[in-house]
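Structure first, then comments.
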Amino acid sequence: MSYHFNEIEDKWQKYWAENQTFKAENTTDKPKYYVLDMFPYPSGAGLHVGHPLGYIASDIYARYKRHQGFNVLHPQGYDSFGLPAEQYAIQTGQHPAITTETNIKRYREQLDKIGFSFDWSREVRTSNPEYYKWTQWIFIQLFNSWYNNDSNKAEDITTLIAVFSAEGNSGVNAVCDEDIELFSAEEWNNYTDKEQQKMLLKYRLTFLAETEVNWCPDLGTVLANDEIVNGVSERGGHPVVRKKMTQWSMRISAYAERLLNGIDYNQESLEWTDSIKEIQRNWIGKSQGASVTFNLKDHQASIEVFTTRPDTIFGVSFMTLAPEHELVAKITTPDQKAEVDGYIEATAKRSERDRMADVKTISGVFTGAYAEHPFTKQPVPIWIGDYVLASYGTGAVMAVPCGDQRDYDFAKHFGIDIPNIFEGVDISEEAFADKDKTVIGNSDFLNGMNYKKATKRAIYELEQIGQGKGKTNYRLRDAVFSRQRYWGEPFPVYYKDGMPQMIDDQHLPVRLPEVEKYLPTETGEPPLGNATEWTWCTTKNEVVPNTASGHCMHPLELNTMPGWAGSSWYMFRYMDAQNNGEFASKDALAYWKNVDLYIGGSEHATGHLLYSRFWTKFLFDRGYITVDEPFKKMINQGMILGTSALVYRLSGTNIYVSKGLINDREVEELRIDVSLINASDEVEDLNALKQWQPQFADAEFELEDGKYIVGREVEKMSKRWFNVVNPDDICQQYGADTLRLYEMFLGPLEQFKPWNTAGITGVHSFLKKLWKLYHNGDVFEVSDAEPTKDNLKTLHKTIKKVVEDIENFSFNTSVSTFMICVNELIQQKCNSRAILEPLAILISPYAPHIAEELWSKLGHAESIAYQAFPEFDEKHLVESSKEYPISFNGKMKFLLEMPLDMPKDEMEKTVMAHEKTQQQLQGRTPKKVIIVPGKIVNIVG
RNA sequence: GCUGAAGUGGUGGAAUUGGUAGACACGUUGGACUUAAAAUCCAAUGCCUAUUUUUGGCGUGCGGGUUCAAGUCCCGCCUUCAGUACCA
């Protein structure tokens, strides 16, 4: 009689594992389809019901595609390097590898219970040496590459060396460091080896540079821009300061333009949401304008600025430098020195956060120095101000107060001139920044021109005098790639004579050495400085010899790679995960190409998604892969939030007041475990609460109607809020199929929504009904009778809707469609085999276990997973209504579609009754009018 | 401020993309079956207003507009969420 979901689910999960039902083939005639989830970091807390949401969605799609005859790659793995395991190691001394292993095991158990169709034979873990061997290998390829702007792609460094030794660097159009002096071929050839290496480092796609980095003292490491949120670290919320350090960097800026173009102008535009595309566009931050050089009046130096408005150059009345600008100390006059130093000190003290929070206060100091206007040669006073950011552009601006509100405010505040260079515009109240309405005046050769013309002319004139040129500026910075951590990929790098050297491919992987403790060394080196034995050093290898004492003769790179290293290319490893000779074979890469559907959270928009596009483009340039975008289509699932339960303690007492009785009394809110609460927000058992935590042991309660009603708060699901719902419990109580259906039923995939266990019964009883429809007692029972027209109509209605829903990722409405379908079949008393066969396949992506069970009971030996998806046949829907020809005024003819039971004359009367409609019809000659009783519904012209 | 998304019953959310608004589910109420509970089944459920066999009216954040017809399209606001921020 009853639906024993636990038995059924165990049985089929075992069957799928034993038969490798979901193993993807690398050689087959079938078309490929690659469905990927963002792989999880295996945290110690395990999965809660929010985590599988995206996996369920991707699983539905993967199963659907499999039914459609595609060779589906649907893998899963773990992003297993990361901070929490390391911090746990610092606290407890337990090796992060052990923590990680334990967590992965737990994750796997939890995932297995939900019945995913993952191909686990391709599992990857970023912390596995067999995996990070290739992360290191890619790093080496980046080191051995430079970006050639002429061919617009990355090339091997040897092509650059060839050019250098033949003709020097003057003809080289590369993305490189800014401060490169020109040299001839002869000079190059006379350079010492070290000088040559130093020079090449300025061109390599990964390079060492002393840069100002975001240093997080509490975490003891540097962070990338996208790892900082609101001025504090994304993980842990620790303060971040600016600091100069020598670090590995990734020259992602070389790809800025292609990363931007790839979003839109690819032949196949990325099917991503507009919001993610927009976030990436903003992050790359392309702006076009000009760089302008201002010579200094009393120094042999110049200041370079970037501006988007070269047309307003005659409106310049001062310049502003960032307080950190390198020229500040040099140009400040003795008179102004004290004031300037004071200002610099004050701004340095203000944290990034303060500076961001306080954007309205105008502050700045005059340096006493003057620059010279490039055209008028008039003196231009140089100020410093913290509204100019050192990290954007050149850290200096030419201030045009009449055309930029910030410059305007600054000028007003300090009483600086505000010359007006716009025709017919009043600037007495605010700056005028409308480019489209701009007519330049008061500007010598630019007079009377609009924005476009004036910009072009200004750049031309600047070029003539050698004081400027057109320039495109990007906000995107090169990405710092070093972390002072233990639990990450070691660099395949050692230093000889102070210069970085790559370790030979054949010695990869460079394994993470054992250390006594996971903190920085006493001398301030990263944790790897504690290692005494690097097991990967081979005595045979002359380059990285290992002495008998276990010390390498050359210093090794002690930093590790950041979290995003391993996740920037994992999608390719799945294609050929066991390969020991390559990161994936050419054939596998050529067959699978890229990810057709990627599902994950939108929080990775500026990090992972940008970095993996960068690495993909690089690997493409170097000919290792055949695509230059990793993810064709992406869906960003929303988060499932928890519903915390609040109890209210009267301040200073041990009395807890039910929610409705608080009134105006002062109370403290405390969160209690959601499992103590029933569906109507009452505490189920007050004694259980007393036992839950010691602080409630002798609590007293003020009840309303004998119940304690709690407050509710929707927030992130987290252990600390006691609002975590565990998927294992749900599977145990209702089954995996119910969990899968319910997570989809909860609402649109992309939306954030709170979990509410109470509603799950509706979905669960649907499965019970479905089961009962084909069972008489415990006996499976289907009829071989021909299905009726009604039966077929119900089935095909469902097929149509479900196919549409899956293709639009509206999985929530499909669940409703299934419910309606089963309710109708119950009403029709239909347990026909001819209906169940297609229906089971239809349901199987959503509720695969019950579908397999019913399928096998129908007498099929093979898994339902490879059955063709049922096809929709319109004729079953059309036959339920009829079209009647009608004529008006003896002239016009059109069709009426209406319910079968409506008599023709009544229908005609209905149409006639609508006078306005008749008028409408006379003008248009519609072909078809769809009618429902009493009302015209649709005129199809 | 800018960018993006969204505002529909007590709740989650549907609405074939301009065609009977509120599907489906939760919750609530009533009923059936039970010694009882659970489970299951049946009925009602947007709001207001009538009524004894038959009601009218109002309703998709607010104000306008287009249309025979607007949750859906257009214009102007308001609110919420997310991203981003002195980007020159």
Side-chain angles (χ1 to χ4, degrees), chain A residues 1-2 229-230 273-283 285-287 289 292 305-310 312 319-320 322 355-362 385-389 391-400 403-407 409-410 433 473-476 602-603 605-606 636 638-639 679-680 741-742 745-748 750-766 768-769 772 797 800-801 804 810 812-821 823 826 877 914-921 923-924 929-940:
Chain A
M1 173 74 190
S2 54
V229 177
N230 293 331
T273 63
D274 289 341
S275 78
I276 295 267
K277 288 181 179 178
E278 198 59 29
I279 289 171
Q280 291 217 344
R281 272 188 217 110
N282 291 341
W283 193 261
K286 179 180 183 175
S287 52
V292 183
V305 301
F306 173 75
T307 177
T308 53
R309 298 294 305 272
T312 63
M319 300 185 72
T320 315
R355 256 169 99 165
M356 272 195 286
D358 175 28
V359 294
K360 285 193 186 98
T361 314
I362 296 163
D386 68 358
Y387 81 96
V388 176
L389 303 177
S391 56
Y392 183 76
T394 60
V397 300
M398 60 175 225
V400 182
D404 182 285
Q405 194 57 42
R406 287 157 306 165
D407 295 345
D409 294 341
F410 195 86
N473 199 46
Y474 296 92
R475 203 190 80 122
L476 183 70
S602 56
E603 66 274 13
T606 54
N636 304 111
M639 203 184 291
S680 28
L741 283 168
Y742 187 56
F745 182 74
L746 224 42
E750 289 94 337
Q751 225 163 74
F752 281 61
K753 56 228 160 199
W755 177 266
N756 167 20
T757 305
I760 205 168
T761 53
V763 166
H764 188 60
S765 64
F766 153 71
K768 283 198 278 195
K769 277 191 216 164
K772 231 175 104 183
K797 226 167 56 178
K800 183 167 190 252
K801 188 70 171 52
E804 277 170 12
S810 315
N812 53 329
T813 51
S814 302
V815 181
S816 299
T817 307
F818 289 136
M819 290 181 184
I820 296 166
C821 173
N823 282 340
I826 289 170
L877 300 196
H914 289 74
E915 228 175 282
K916 275 184 182 171
T917 307
Q918 287 185 48
Q919 289 166 6
Q920 172 79 5
L921 296 180
R924 284 213 214 155
V929 176
I930 298 171
I931 288 201
V932 288
K935 207 158 187 176
I936 294 181
V937 170
N938 202 1
I939 301 167
V940 185

> B:A14 C1' sits how many Å from A:Met819 CE, rounded?
Replying inline: 13 Å
> Any side-chain N or O of A:Tyr387 under 4.0 Å from OP1/OP2 of B:A88?
Replying inline: no
> A:Arg406 has a side chain; which of B:G4, B:C24, B:C86 sits nearest to it?
Replying inline: B:C86
> Which whole-number value in Å describes the distance from A:Ile279 CD1 to B:U84 P?
Replying inline: 7 Å
> If you measure from the C1' atom in B:G71 to the same atom in B:C33, how many Å do you get, rounded?
Replying inline: 43 Å
>> Can a donor-acceptor pair be found, under 3.5 Å and without considering hydrogens, that links the side chain of A:Lys753 to the backbone of A:Pro748?
In response: yes
> Would you call A:Ile826 and A:Lys769 a side-chain contact if the rule is heavy atoms closer than 4.5 Å?
Replying inline: yes
>> Among B:A88, B:A85, B:A23, which nucleotide has an atom closest to any side-chain atom of A:Val397?
In response: B:A88
> For B:A15, which nucleotide in any strand shown is its Watson-Crick or wobble partner with both distances under 3.5 Å?
Replying inline: none
>> Counting C-beta onward and ignoring hydrogens, is there a side-chain heavy-atom pair between A:Val397 and A:Met319 closer than 4.5 Å?
In response: no
>> In this structure, how many angstroms lie between the C1' atom of B:U84 and the CZ atom of A:Arg475, rounded?
In response: 8 Å
> Which nucleotide in the list B:G4, B:G13, B:U84 gets nearest to the side chain of A:Asn812?
Replying inline: B:G13
> How many Å lie between CG on A:Leu389 and P on B:A88, as a whole number?
Replying inline: 11 Å
>> Closest approach to the side chain of A:Pro748, judged atom by atom: which nucleotide of B:G13, B:A25, B:G4 is it?
In response: B:G13
> For B:U55, does the O4'-C1'-N9-C4 (purine) or O4'-C1'-N1-C2 (pyrimidine) torsion place it in syn, i.e. within 90° of 0, or in anti?
Replying inline: anti
> Distance between the C1' atoms of B:U66 and B:G18, in whole angstroms?
Replying inline: 12 Å
> Would you say the side-chain atoms of A:Tyr392 and A:Ser287 include a donor-acceptor pair closer than 3.5 Å?
Replying inline: yes
> Among side-chain atoms of A:Tyr387 and A:Asp407, is any donor-acceptor pair under 3.5 angstrom?
Replying inline: yes
> Tell me: CE of A:Met639 to C1' of B:C81, nearest whole Å?
Replying inline: 13 Å
> Where the side chain of A:Thr813 is concerned, which of B:C86, B:A88, B:A15 is the nearest nucleotide?
Replying inline: B:A15
>> Mind checking if A:Ser816 touches a base, just sugar-phosphate, or nothing, with heavy atoms under 4.0 Å?
In response: base
>> From C-beta outward on A:Asp386, which listed nucleotide comes closest to its side chain: B:U84, B:A88, B:C86?
In response: B:C86
> Whom does B:G76 pair with, Watson-Crick or G-U wobble, provided both distances fall under 3.5 Å?
Replying inline: B:C62
> Hey, which of these two, A:Phe752 or A:Tyr742, hits RNA chain B nearer its 5' end, going by closest nucleotide?
Replying inline: A:Phe752
> When we call it a touch if two heavy atoms are under 4.0 Å apart, what does A:Phe818 touch: a base, just sugar-phosphate, or nothing?
Replying inline: nothing
> Where each residue is assigned the nucleotide of RNA chain B containing its nearest heavy atom, which of A:Gly759 and A:Asn282 is assigned the position nearer the 5′ end?
Replying inline: A:Asn282
> Under 4.0 angstrom, heavy atoms only, what part of the nucleic acid is A:Pro754 near: base, sugar-phosphate, or nothing?
Replying inline: nothing
> Starting at CG of A:Asn756 and ending at P of B:C24, how long is that distance when rounded to a whole Å?
Replying inline: 20 Å
>> It should be established whether A:Arg281 places a side-chain nitrogen or oxygen under 4.0 Å from OP1 or OP2 of nucleotide B:G4.
In response: no
> Do A:Glu278 and A:Thr273 touch side chain to side chain, with heavy atoms closer than 4.5 Å?
Replying inline: no
> Are A:Trp755 and A:Leu746 side-chain neighbours, meaning at least one heavy-atom pair lies under 4.5 Å?
Replying inline: yes
> Would you call B:G56 syn or anti, using the 90° rule around 0?
Replying inline: anti
> Of all the nucleotides listed (B:A88, B:A25, B:A85), which has the minimum atom distance to the side chain of A:Asn823?
Replying inline: B:A25
>> I'd like the P distance from B:G63 over to B:G9, given in whole Å.
In response: 15 Å
> Across all strands shown, which nucleotide pairs with B:C47 by Watson-Crick or G-U wobble geometry, both distances under 3.5 Å?
Replying inline: B:G57
> In the structure shown, which nucleotide is the Watson-Crick or G-U wobble counterpart of B:G10, with both distances under 3.5 Å?
Replying inline: B:C26
>> Counting only side-chain heavy atoms from C-beta out, which of B:C41, B:A88, B:A5 sits nearest to A:Lys769?
In response: B:C41
> Atom CG of A:Asn636 to atom P of B:A82: distance rounded to whole Å?
Replying inline: 16 Å
>> Using Watson-Crick or G-U wobble geometry with both distances under 3.5 Å, which nucleotide pairs with B:U40?
In response: B:A32
> Which listed nucleotide (B:U40, B:A88, B:U3) is nearest to the side chain of A:Lys768?
Replying inline: B:U40
> So what's B:U84 paired with, Watson-Crick or G-U wobble, going by both distances under 3.5 Å?
Replying inline: B:G1
> Using a cut-off of less than 4.0 Å, is there contact between a side-chain N or O of A:Gln751 and OP1 or OP2 of B:G13?
Replying inline: yes
> Say you pick atom P in B:U11 and the same atom in B:U84; how far apart are they, in whole Å?
Replying inline: 32 Å
> On a whole-Å scale, what distance lies between the C1' atoms belonging to B:G22 and B:A85?
Replying inline: 41 Å
>> Does the structure show a Watson-Crick or G-U wobble partner for B:A69, both distances under 3.5 Å? Name it, or say none.
In response: none
> Counting N and O atoms only, with roles assigned by atom type, does the side chain of A:Gln280 sit under 3.5 Å from a partner on the main chain of A:Thr606, one being a donor and the other an acceptor?
Replying inline: no
>> Please report the distance, rounded to the nearest Å, between CD1 in A:Ile276 and P in B:U84.
In response: 11 Å
